Amino acid sequence: ATDPIAARWRQTIPSDLEWLLAVVPKENMSWSTDSVGANHGTPAELDVQVPIVLWGAGIRGGEFTRRVRTVDIAPTLARLLGLHSTERLDGSPLREIE
């Protein structure tokens, strides 16, 4: 219940999918014959961290290191544009950029 990798698998795989086993390579390992060395789509910590850069009028400059989710991007952009959602959103606006 507290394993972050298992939690990511639970959020990724549909609950009605009948599956028996999920195999996760060791951290910093990749199952690939590609010589580039990059492989995305695993639940590993390095694979799920992506920098977000927002730039423009109305955005406060600075570097913010707290963890945010990709679902926070749309509510943030909507708030900057003065738009309001007609449906419930999973994410929250990034208020530190205002």
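As the structure is a computational prediction, the values presented were derived from the model and not from experiment.
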Practice prompt. Would you indicate whether the side-chain heavy atoms of L89 and V71 approach each other to under 4.5 Å?
Written response: no
Worksheet item: Pairs in or reaching into residues 69-81: which pass side-chain hydrogen bond (donor to acceptor under 3.5 Å, both in side chains), with residues at least two apart or in two chains?
Response: R79-E98
Worksheet item: What are the two closest heavy atoms between P93 and P75, and how far apart are they?
Response: N-CB, 3.8 Å
Worksheet item: Which atom pair, heavy atoms only, marks the closest approach of R60 to E96?
Response: NH2-O, 2.6 Å
Discussion item. Do I73 and L83 land in one hydrophobic cluster if side-chain heavy atoms of ILVMFWY residues count as linked below 4.5 Å?
Written reply: no
Fill in: R67: side-chain hydrogen bond (donor to acceptor under 3.5 Å, both in side chains) partners, not counting sequence neighbours
E45
Worksheet, complete the sentence: Rounded to the nearest 0.5 Å, the CH2 atom of W9 sits from the CG atom of D3 at a distance of 12.0 Å
